[in-house]
Protein chains: 4
Amino acid sequence: MDATEATATATARTRGRPRSEAARQAILEATRALLEVTTVRDLTIETIAKQAGVSKSTIYRWWPNKAAIAIDAVEAIMPRSRLAKSKSVSAALTEQLVLLVEHYRGPYGRIVKELIAEGQTDPEVLAAFRDRFLLRRRTVARDLIEYGKSTGEFDAALNSDLACDIIYGPVYYRLLVAHLPLDDEFSRALPKQILVALHHPGIYGFSAHP
Amino acid sequence: MDATEATATATARTRGRPRSEAARQAILEATRALLEVTTVRDLTIETIAKQAGVSKSTIYRWWPNKAAIAIDAVEAIMPRSRLAKSKSVSAALTEQLVLLVEHYRGPYGRIVKELIAEGQTDPEVLAAFRDRFLLRRRTVARDLIEYGKSTGEFDAALNSDLACDIIYGPVYYRLLVAHLPLDDEFSRALPKQILVALHHPGIYGFSAHP
Amino acid sequence: MDATEATATATARTRGRPRSEAARQAILEATRALLEVTTVRDLTIETIAKQAGVSKSTIYRWWPNKAAIAIDAVEAIMPRSRLAKSKSVSAALTEQLVLLVEHYRGPYGRIVKELIAEGQTDPEVLAAFRDRFLLRRRTVARDLIEYGKSTGEFDAALNSDLACDIIYGPVYYRLLVAHLPLDDEFSRALPKQILVALHHPGIYGFSAHP
Amino acid sequence: MDATEATATATARTRGRPRSEAARQAILEATRALLEVTTVRDLTIETIAKQAGVSKSTIYRWWPNKAAIAIDAVEAIMPRSRLAKSKSVSAALTEQLVLLVEHYRGPYGRIVKELIAEGQTDPEVLAAFRDRFLLRRRTVARDLIEYGKSTGEFDAALNSDLACDIIYGPVYYRLLVAHLPLDDEFSRALPKQILVALHHPGIYGFSAHP
DNA sequence: CACTAAACGAGACGGTACGTCGAGTCTTGGA
DNA sequence: TCCAAGACTCGACGTACCGTCTCGTTTAGTG
């Protein structure tokens, strides 16, 4: 949990030499630059240190691993999902999905999937990335869905967590498995098909174990 | 492409000492054993060689990287998805989904996600894993859906690729992001909610760029 | 020269906070304690600071290196050679030699040889150690020899520096090279054999280059 | 014991790739070159590797520490003490002593004392250095002394180990403590004074504890 | 009593080398 | 031709101290 928050913790540390903000920035900047030409996997603490003109120990003092640095580095520049001001919740979700796919098609998508990959080895990394990236956007969607339920646009019994999985799942599935492209056709067809499910209660209950 | 097929290619090699089947089996067996106690990431060619009583060069002669070995090793023991004999396509899909989730909850799930993670770095690994694991099951589902379309159970205009993404996407999403568990509640609620979408045409078209 | 004397210089510093005697003692005490369980080589400024509850900079303010601290720390507890009150100079020297060997057999011997070793790298360390430890004892011996020359016990032409080397040399040789132990047999046989040489003039002059 | 002999052990190793003699020579050569400009203490495995164009692991595979490399490196080029063909044993010893002092005045002396210093920390290093350098020369002297005893030139009851310590001790004492120089005056006066002691039995027995 | 100046603790900083590990390659001898 | 054994280069790992630095906090004597 504190893995990558050390940075954020504005521990009113009054004793000792204060942390060098310049070094911190240099590290994040170097990491950003390196991530444009390498994968998170090939990223190296040694290289970051060299590129940032910083000693390795300074890096190790503040970050537990390279993924944590990458998360911090990328966070600032990651485009946030804004709450869409659309006529309906359905329209807002659609809009968001289109933007997300567009976004993931590019370099951010590469980093996102590399960080998820990195997280498969280290639960803390996955948790940090999830909480600081994925859940932010997901919360926006959840709130939208809850609102939709309250206005009657969606079925009142809808499980909004499940709904989020149905909305985002296919996107991450394609992002990570890459069996098919994250193209415009996908981002347009997907919400159309999905939203049907959100409007109706889940009636087709064919239990596997009847 | 040739990443993991070297093994399979029964190139009618006639000259020289024939490949040692014993060595091949020992390598796969050792890998299987090691995968029970380590992640794919922490798996090491050196360790496999030692455990299998085989030289490193023998491994490098036949496999391009550890993921390829892991895929070969795991393939044999991965439970195959059988075509469910249910009354309806919906029921069959539901049954499959329940089994998949159950399956991914255990040790296989761990290996699957680790291999997908490994694939983010190496496209060949991802392709090999996808083609030899994921697509097999997906093809079963696609065929089911196509059959459902022909019988009128599903909308005839349904894009079956998209349908597969909607079915499997949420599962892999939870598997990899781990924001919520792959529990029974999920595996039961998911198909109920999703199947609605597959029965109807994607009517709710709120284009983001009208 | 000033290497380890900074401590002593009671520079009539009048302004500012006076040097903390408590810190100084704590450092020396910690060093003494650490030297019982580690070698001078493995001694660390960082460890001393921690053990003494003192900041590194306080140490660096007053000592140039760890050997200097070790010298200061050990000086107080090193047994001094007392001028023996024997019937003859020969007996006095013998007595001194026996005590020295006895002394060097124990933990002090270890520290002495480690400090000499440390001095091979840093001339200032060697000089400081030599002047504050070795030369003290040597001076006692030299004075004895000079006295012996004046009473006729030793040959008047004897070079007393050379004589000291002949007396002490074998002891340090065994201490440092450790080819043979510093045992009682040695400390008893050595003066017997050596004193012969000091009584006679160096007559056997077989020049290597005649 | 095997610390530095790994090199020598012509283990009739028949399996696997044979050790690279080229690498071995490059390492020793690089070490020799570096020792001309740095101390043994400042010598670095990393630097040796770089200079020799060899990987660190190759060095670590064959030597346990830098002192062991230095010993191997220096051994070949260290001038051996030849058995002097003089009229008498006394003359031969004198000649040897003069040469030794001359020898230790230069760069070899520096390395010798640095290796002895290094040995104070690591008993294996000291043992290796002692056995392969110091004892060789000492053995020559011991044999000479024994011969002198047999011809009646020296006292028959003379302990030749003790005699060696008396001969060499003062030299190493000056070498290591550096209170006085290893000059010609020293090397000429020393044997003259010492040989007196070797001709007579150790008669002046002033026991410290009568 | 306030002022000043040095010493103090804490601890961050850029460095350097450590010894280890694994990757992937190469070189033998034997099957 | 394959295989085992194992030596090779390469490069990054994470750690440990180095000696320096920048703080905020004592702790005297001086004005």
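Just so it is clear, the model here is predicted, and its values are computed rather than measured. Chain letters run A, B, ... following the sequence lines, proteins first and then strands; every chain starts at 1.
The interatomic distance linking A:Lys66 (NZ) with F:dA12 (C1') rounds to 9 Å, in whole Å. The interatomic distance linking A:Trp62 (CH2) with F:dG14 (C1') rounds to 18 Å, in whole Å. One can place CH2 of A:Trp63 at 15 Å from P of F:dC13, the figure rounded to the nearest angstrom. In this entry the distance linking CD1 of C:Ile45 with P of E:dG9 reads 14 Å, nearest Å. In this structure, NZ of D:Lys50 is placed 13 Å from C1' of F:dC10, rounded to the nearest angstrom. Following rounding to the nearest Å, A:Gln25 (CD) and E:dC13 (C1') show an atom-to-atom distance of 17 Å. Between C:Arg61 atom CZ and F:dG19 atom P there is a gap of 16 Å when expressed in whole angstrom units. Regarding D:Arg41, its CZ atom lies at a distance of 18 Å from the P atom of E:dT16, rounded to whole Å.
Proximity of B:Trp63 to B:Ile27: side-chain heavy atoms (C-beta onward) are separated by under 4.5 Å at one or more points. For the pair B:Ile69/B:Trp62, no side-chain contact is recorded, criterion being any heavy-atom separation below 4.5 Å from C-beta on. The shortest side-chain heavy-atom distance between D:Arg132 and D:Ile71 falls under the 4.5 Å cut-off. C:Gln120 places a side-chain heavy atom less than 4.5 Å from the side chain of C:Leu126. Proximity of C:Asp122 to C:Glu118: side-chain heavy atoms (C-beta onward) are nowhere separated by under 4.5 Å.
Taking only side-chain nitrogens and oxygens, A:Thr58 comes nearer than 4.0 Å to OP1 or OP2 of E:dG14.
Looking at residues two or more places apart in sequence or on another chain, you find a side-chain contact (heavy atoms from CB on, under 4.5 Å) between D:Gln51 and D:Ala30, D:Ala33, D:Leu34. For C:Leu35, the side-chain contact (heavy atoms from CB on, under 4.5 Å) partners at least two apart in sequence or on another chain are C:Thr31, C:Val40, C:Leu43, C:Ala70, C:Val74, C:Arg110, C:Ile111. Partners of A:Glu21 by side-chain contact (heavy atoms from CB on, under 4.5 Å), not counting sequence neighbours, listed by chain and number: A:Arg24, A:Gln25. Every side-chain contact (heavy atoms from CB on, under 4.5 Å) that A:Thr121 has, sequence neighbours left out, goes to B:Arg41.
Looking at the side chain of C:Ser55, the nearest of the listed nucleotides E:dG9, F:dT9, E:dA17 is E:dG9.
When each of B:Leu43 and C:Val54 is assigned the nucleotide of DNA chain E bearing its nearest heavy atom, the one mapping closer to the 5' terminus is C:Val54. Heavy-atom nearest nucleotides on DNA chain F were determined for D:Ser20 and for A:Thr47, and the one closer to the 5' end corresponds to D:Ser20. Residue D:Glu46 is the one, among D:Glu46 and B:Thr44, whose nearest nucleotide of DNA chain E lies closer to the 5' end (criterion: closest heavy atom).
Direction of the helix axis in the helix from E:dC1-F:dG31 to E:dA31-F:dT1 shifts by 0° between the two five-pair termini, rounded to 10°.
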Taking only N/O atoms, report every protein-nucleotides 25-27 of chain E pair under 3.5 Å with atom names and distance.
{"residue": "E:dC26", "atom": "O2", "partner": "D:Arg17", "partner atom": "NH1", "Å": "3.1"}

